[in-house]
S.K.: 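Attaching a single structure in structure tokens format; questions to follow.
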Amino acid sequence: MHGSIPFAAPGARRLLRVATAGSVDDGKSTLIGRLLLDAGLLPDDQLGALRADAARRGRAEPDLALITDGLSDERTQGITIDVAYRYVELPGRRLVLADVPGHEQYTRNMITGASTADAVVILVDARRGPTPQTWRHLAVALLMGIGEIVAVVNKMDLVEHSEAAFASIRDAVTRYAATFGRTRLRVVPVSARDGDNVVRPSEAMPWYDGQTLFDLLQSLPDAKADAAARPLRFPVQQMIRVEGMDRAPLRACLGRIASGVVAAGDRVVVLPGGRAAAVRSVEVLGRDAGFAAAPQSVALVLDRDLDVARGDMIAHADRAPYTTSAFDAVLFWLGRRPLDPRGRYLLRQTTRVVRARVAGLSAGIDVAAPARVGPPAILEENAIAVASIVTQSALAVDTYRADPVCGAFVLVDEATNETVAAGCIGDEAAAHL
Amino acid sequence: MVHDGALAAKGFVSERAATNLLDCLESEAVYVLREAAAEFARPALLFSGGKDSAVVLHLARKAFAPAPLPFPLLHVDTGHNFPEILEFRDRTAAAAGARLIVASVQESIDQGRVVERVVGESRNAMQAVTLLDAIAEHGFDACIGGARRDEEKARAKERVFSHRDAFGQWDPRNQRPEPWGLYNTRLAPGENMRVFPLSDWTERDVWDYTARERIELPSLYFAHERRVVRRNGRLFPVSSLLRPRDGEPIEAISVRFRTVGDMSCTCPVESTAASVTEVLIEVAAARISERGATRADDDAEAAMERRKKAGYF
């Protein structure tokens, strides 16, 4: 048991975001409940409430799924409605678990849960193997370029802990990932109900010599610090007035560094206009720091009073992004109404919002095959396609592969205010298909 | 010119600048606060005088410094607040140079907007009416709050930018996806957004950050002697709203509050933690969840969910 968590200096701890996904009835809520229970991470009052609930129902074992299912509709229908976030304190590491529901109509939540994840855990039922929903979640994780993908084969107790049953699922998901050009995928056989290979190693599956899920989550590499190693991208959130040293009024650009490092003296351009300036000072929340790195929130003061506004992008003059009003993208359609080819949408990329339309679809992505197929006549909810986007005014963009912050966007339907699509600029992610 | 690659290669930027947990959480919260200020015409910061809202206020001051706070503070005063909290609220708002708007549940009762069935009963559920009235009166389009996802199951499902319809209702089945922090802030007339910069913070983070930033909190959060009665394993503070029952023994013991709500329903825990550091050690070792220890009004399953759907914070 990992009962008490050592008291560590806050600076020593790191954040790891993990999205967990699976089809309905794959036992995801049970798995997370088991993980928290066996790792000793449940507070005593919640444990007491679970035992009381089990006693009311006349059961010996607590219903582990109750640990995560919070809404009354979920309890009555036995399903999970929306992404739930859990915070798990491990020695030296904070896990943020984004628990993504498996019900098909809520697939759009996978996008929300996975978009900022460092790792994705996808559950597969050992009896029925991968379902269309498994492939969909796996495809989203692969297309979004999630760093670590872990397939967890659950309910091994219901297939007599058979190594052959596990191997066939492992090979299927590995083959699937390879189609997207991904060679490394971790696969773990577990029984969430009995706790096998969740926190403690399984005695029933001696043929498995890999890590338990808990050990794996503890040992996954830290969220990569590569955001700071990319070229500078500073989307401007807002401008404020400050007083300069010579009491001349100056304007400071507020924002969070999406990528890279910025230092006083750097020569930058403000895009999409392209005007040049030098950085006079870099202030990190009130402290003149001289330099700062992604993902810090800062205030930049430039050496001249340019007309900078929310939605502008500041980059180093010699490593600037593309400025364009037309690009291809992998588009995940989330709207209840299908894409209207003549419709105008609002496109938000970083802090910039422009009018946009989907000029055409060049391919569809069949997630079951998986394969690039002909463009669909109608792009419906949950469908994925390669699309040509045209915007009313220019954007400073990167491909999603080069910079996942500046290569991502959403489309909002102006009539309904619904977020109808998420997109990744460029089609490299689908290029292997 | 300093090339970004050169600094990153030295290694000290990513090591020193931005990778520790509190820095990441702070940076994220500031990003959210700036988004709210930039995207909404009339945002307000819900300021209760509790620790979470004190942290949000501190973050907001840092986010816009040296410019003044770009939104007023709004407090929904139930009339059952601890006097220490009201004193702290007024003093802190003044120190921040912020405009403080107080919306009073007592006024809502006096005007017949809500009905108090039993004098002294919990006014937790009544706050929603007062809040929605204040939103309408002042035309607020966004309310920034200190709620955290680790507090409670219904909150664990809430987005950072959480949409409320024209009736102030939260629809958990119809939340907007918010991938990559690309928030959809568009509202139809009468609709409202709740914004939660501390979504990914835990109770412990709040205390770690309070210690690091030397944020002042109300004295209730630290050990003090208080007259309490014991009911169902919880301690209840004796006050004008909560009198001991016949024969119920009153004890004077050293306690502190982990959360602060109404005097009628907030329970302290036994504690001798008198400083931020001592509280931190206590929080890190706690085996009882925050609300489980301290809220007598959260007993019923889905109580929070019902309140949220009705327009509660």
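Chain letters run A, B, ... following the sequence lines, proteins first and then strands; every chain starts at 1.
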S.K.: Check whether B:Glu39 gets within reach of chain A through its side chain, its backbone, both or neither, counting any heavy atom under 4.5 Å.
M.R.: side chain
S.K.: Does some side-chain heavy atom of A:Arg94 sit less than 4.5 Å from a side-chain heavy atom of B:Asp205?
M.R.: yes
S.K.: Is there a donor-acceptor contact under 3.5 Å linking the side chains of A:Tyr85 and B:Asp200?
M.R.: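 The criterion, which ignores hydrogens and geometry beyond distance, is not satisfied for B:Asp200 and A:Tyr85.
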S.K.: Does the side chain of A:Val83 come within less than 4.5 Å of B:Lys157's, by heavy atoms?
M.R.: no
S.K.: What part of B:Leu187 gets closer than 4.5 Å to chain A, counting heavy atoms only: side chain, backbone, both or neither?
M.R.: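 For B:Leu187, the backbone is the part near chain A, not the side chain.
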S.K.: Is a side-chain donor or acceptor of B:Arg34 paired with a backbone partner of A:Gly255 at a separation under 3.5 angstrom?
M.R.: yes
S.K.: Heavy-atom distances under 4.5 Å only: say whether A:Leu285 touches chain B with side chain, backbone, both or neither.
M.R.: both
S.K.: Counting heavy-atom pairs under 4.5 Å with chain B, which one of A:Arg310, A:Gln237, A:Gln349 comes out on top?
M.R.: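 Answer, by heavy-atom pair count under 4.5 Å with chain B: A:Gln237.
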S.K.: Could you have a look at B:Arg176, B:Arg61, B:Arg186 and say which one has the most heavy-atom pairs with chain A under 4.5 angstrom?
M.R.: B:Arg186
S.K.: Check the pair B:Glu35 / A:Arg348 against salt bridge (charged side-chain N to carboxylate O under 4.0 Å, His left out), numbers first and verdict last.
M.R.: CA-CA 13 Å; B:Glu35 284 300 291; A:Arg348 176 170 176 175; 2.7 Å; yes
S.K.: How long is the straight-line distance from CD of A:Glu418 back to NE2 of B:His163, given to the nearest 0.5 Å?
M.R.: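 The CD atom of A:Glu418 is 11.0 Å from NE2 of B:His163, to the nearest 0.5 Å.
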S.K.: In the structure I gave you, are the side-chain heavy atoms of A:Asn109 and B:Gln175 within less than 4.5 Å of one another anywhere?
M.R.: no
S.K.: With chain B, which of A:Ile257, A:Leu42, A:Asn417, A:Thr116 has the greatest number of heavy-atom pairs at distances under 4.5 Å?
M.R.: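 Most pairs with chain B among the choices: A:Asn417.
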S.K.: Between CZ of A:Arg86 and CZ of B:Arg149, what distance do you get to the nearest 0.5 Å?
M.R.: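 Output value for this atom pair is 11.0 Å.
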S.K.: When rounded to the nearest 0.5 angstrom, what is the spacing between CD in B:Glu178 and CD1 in A:Ile111?
M.R.: 13.5 Å
S.K.: Please give me the minimum heavy-atom distance between B:Ser27 and A:Ser297, naming the atom from each residue.
M.R.: O-OG, 2.8 Å
S.K.: Under 4.5 Å from any heavy atom of chain A, what part of B:Ala65 do you find: side chain, backbone, both or neither?
M.R.: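 B:Ala65 touches chain A through backbone heavy atoms alone.
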S.K.: Which bit of B:Tyr209 is near chain A, if near means a heavy-atom gap under 4.5 Å: side chain, backbone, both or neither?
M.R.: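 Interface part for B:Tyr209: neither.
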S.K.: If I compare all heavy atoms of B:Leu182 with all of A:Thr350, which pair ends up nearest, and what's the gap?
M.R.: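 Smallest heavy-atom distance, with atoms named: CD2-O, 3.5 Å.
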S.K.: Does any backbone or side-chain atom of A:Thr416 lie under 4.5 Å from a heavy atom of chain B? Answer side chain, backbone, both or neither.
M.R.: neither
S.K.: Please classify the contact between B:Ala63 and chain A as side chain, backbone, both or neither, with a heavy-atom cut-off of under 4.5 Å.
M.R.: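 Contact with chain A: backbone only.
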S.K.: List the steps, then state whether side chain to side chain contact (heavy atoms under 4.5 Å, CB included) holds for B:Val30 with A:Arg256.
M.R.: CA-CA 8 Å; B:Val30 166; A:Arg256 185 168 58 165; over 6 Å; no
S.K.: Taking all atoms of both residues into account, what is the closest heavy-atom pair of A:Ile240 and B:Pro66, and its distance?
M.R.: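 Shortest heavy-atom contact: CD1-CD, 4.0 Å.
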S.K.: Any chance you could measure B:Leu21, atom CG, to A:Leu15, atom CG, to the nearest 0.5 Å?
M.R.: 5.5 Å
S.K.: Please look at A:Val410 and chain B and tell me whether the side chain, the backbone, both or neither of the residue comes under 4.5 angstrom of a heavy atom of that chain.
M.R.: both
S.K.: With a 4.5 angstrom heavy-atom cut-off, is it the side chain or the backbone of A:Gln238 that approaches chain B, or both, or neither?
M.R.: side chain
S.K.: At a 4.5 Å cut-off on heavy atoms, which part of B:Arg159 comes close to chain A: side chain, backbone, both, or neither?
M.R.: side chain
S.K.: So how far is it from A:Leu47 CG to B:Arg287 CZ, rounded to the nearest 0.5 Å?
M.R.: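 These two atoms lie 8.0 Å from each other.
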S.K.: Quick one: which of B:Leu59, B:Leu25, B:Asp150 has the most heavy-atom pairs under 4.5 Å with chain A, could you say?
M.R.: B:Asp150
S.K.: Looking only at heavy atoms, which two atoms of A:Leu254 and B:Phe64 are closest? And how far apart?
M.R.: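 Reported closest heavy-atom pair: CD1-CD2, 4.0 Å.
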S.K.: Side chain, backbone, both or neither: which part of A:Val298 has an atom under 4.5 Å from a heavy atom of chain B?
M.R.: backbone
S.K.: What are the two closest non-hydrogen atoms of B:Trp180 and A:Phe409, and how far apart are they?
M.R.: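 Looking at all heavy atoms of both residues, the closest pair is CZ3-O, 3.7 Å.
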S.K.: Taking atom CD of A:Glu89 and atom CZ of B:Arg204, what is their separation to the nearest 0.5 Å?
M.R.: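 Rounded to the nearest 0.5 Å, the CD-CZ separation comes out at 4.5 Å.
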S.K.: Looking only at heavy atoms, what is the nearest atom pair of B:Pro177 and A:Leu334, with distance?
M.R.: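 For B:Pro177 versus A:Leu334, the nearest heavy atoms are CG-CD1, 3.8 Å.
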S.K.: Tell me, for A:Glu414 versus chain B, whether the close heavy atoms (under 4.5 Å) come from the side chain, the backbone, both or neither.
M.R.: both
